[in-house]
Amino acid sequence: MFELQKLLRPHIAAIKPYSSARDEYSGSDGVFLDANENPFGSITQEAFNRYPDPYQSALKVEIAKIKNVSPQQIFLGNGSDEAIDLLFRAFCRPSIDEVIILPPTYGMYEVSANINDVKLKKVNLTADFQIDLNGILEAISANTKIIFFCSPNNPSGNKLKRQDMLSILAQFEGLVVVDEAYIDFSDEPSFTTELAKYPNLLVMQTFSKAWGLASLRLGMAFASVEIIKILNLIKPPYNISGLTQETVLAAIGNVSAKDQMVKSLLVERANLQESLAAISYVQKIYPSDANFLLVKMKDARKVYEYLIDHLIIVRDRSKVVLCDDCLRISVGTPAENQHLIQIMKKFQA
Ligand SMILES: *Cc1c(COP(=O)(O)O)cnc(C)c1O
């Protein structure tokens, strides 16, 4: 059985919330002399002199509507990376606890584990980038706190089998993270639909990919109200800038513009796939549910360097497990993709 209080690091379970100035009075009218702000305003056109809402309430109301969860089930972080780090800090005792990741996968889980001195167990995906269920079950120990699934997976691009993730969710007593950074590009329903059933589930999404807002740094985590309370308890008080909150609040009203970009990217992904397949030294293009393609080719490293020489930057994944001779290529605009293909066609080993 999943028991949040037992899973938490003991000192975290005992922390009393820090009360920021904006916590103690949350109204917007009044003479604010409580936070040592500059009352004259800012030296910029827009006024940035007041601290932002520490809980991003207005934004969460709107996100809750489009994600079909309650605002209390949402944590917002300075990118998904902040949520990942906070999970380590909340649940994993340094040099005692463990997490499980499934390489090849997103690099930040390992970076955060290393920073927090948490042991990492790696259970590689299978050759077709699916979950090794038995491998995971064997790797789980009494000190395993978190299992990270990334679906659609970075860098392979495919979605993981839902049934396998549900099976782990049902059996594992620790926290299961499903990182859905690329969910908008997939026809798979989000795991947020499973939150009511699994108290040990945390789903991560981001404004960095489909929404085109990577620079604003806004990541979302969806989980039970109890888990979200813990993340709010240990986050830096003003972790999301006012500029980010306002800008995303304005953008989120325009879901259809996001959907239109996703649609274009999917068309372009298919075009890019077709053009890449016609290149003589390309050996395999892996199926993608994301906005990038993992492409296996002869002499990948040389192609990577050749592309750099032509000012085209892709991601070299050729030294990553199960990705021998693979480059990860983001889907660009039609012109960018055509340019890439044109240059790639001229490559000679
Ligand atoms: C890009 C990406 C993210 C997004 O991270 P942010 O910090 O929100 O920009 C998260 N997870 C995966 C797997 C990604 O590829």
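Counting starts at 1 for both ligands and their atoms, in listed order.
Cation-pi contact between Lys302 and Tyr281: absent, since separation from the ring centre below 6.0 Å together with deviation from the ring axis within 45° is not met. Both the sub-6.0 Å distance and the 45° axial angle are satisfied by Arg162 relative to the ring of Phe191.
Using a 4.0 Å cutoff on heavy atoms, Cys150 counts as a contact of ligand 1. Using a 4.0 angstrom heavy-atom cutoff, Tyr182 counts as in contact with ligand 1. Under a 4.0 Å heavy-atom criterion, Met108 is not in contact with ligand 1.
Remark: ligand 1 and Ser208 share an N or O pair separated by less than 3.5 Å (distance only, no angle test).
The protein heavy atom nearest to atom 11 (N) of ligand 1 is Asp179 OD2, 2.7 Å.
A salt bridge links Asp85 with Arg89: at least one charged nitrogen is closer than 4.0 Å to a carboxylate oxygen. Ionic pairing of Lys296 and Asp324 is not present here: no N-O contact between side-chain nitrogen and carboxylate oxygen is shorter than 4.0 angstrom. For the pair Asp325 and Lys298, the salt-bridge criterion is not met [side-chain N within less than 4.0 Å of a carboxylate O].
At a heavy-atom cutoff of 4.0 Å, ligand 1 is contacted by the side chain of Arg217 but not by its backbone. Looking at Ser80 against ligand 1, both its backbone and its side chain come within 4.0 Å, counting heavy atoms. Using a 4.0 Å cut-off between heavy atoms, Asn154 contacts ligand 1 through its side chain alone, with no backbone atom that close. With a 4.0 Å heavy-atom cut-off, ligand 1 is reached by no atom of Met204.
Against a heavy-atom cut-off of under 4.0 Å, Ala181 is close to the following atoms of ligand 1: 2 (C), 3 (C), 10 (C), 11 (N), 12 (C), 14 (C). Close approach of ligand 1 to Lys209 (heavy-atom distance below 4.0 Å) involves ligand atoms 1 (C), 2 (C), 3 (C), 4 (C), 14 (C), 15 (O). Using a 4.0 Å cut-off to heavy atoms of Tyr106, the atoms of ligand 1 that qualify are 2 (C), 3 (C), 5 (O), 10 (C), 11 (N), 12 (C), 13 (C), 14 (C), 15 (O).
Two rings, from Tyr106 and Tyr109, have their centers less than 6.0 Å apart.
For Asp259 and Ser256, the side-chain atoms include no donor-acceptor pair closer than 3.5 Å.
With contacts defined as side-chain heavy-atom distances shorter than 4.5 Å, the pair Phe222/Lys67 qualifies.
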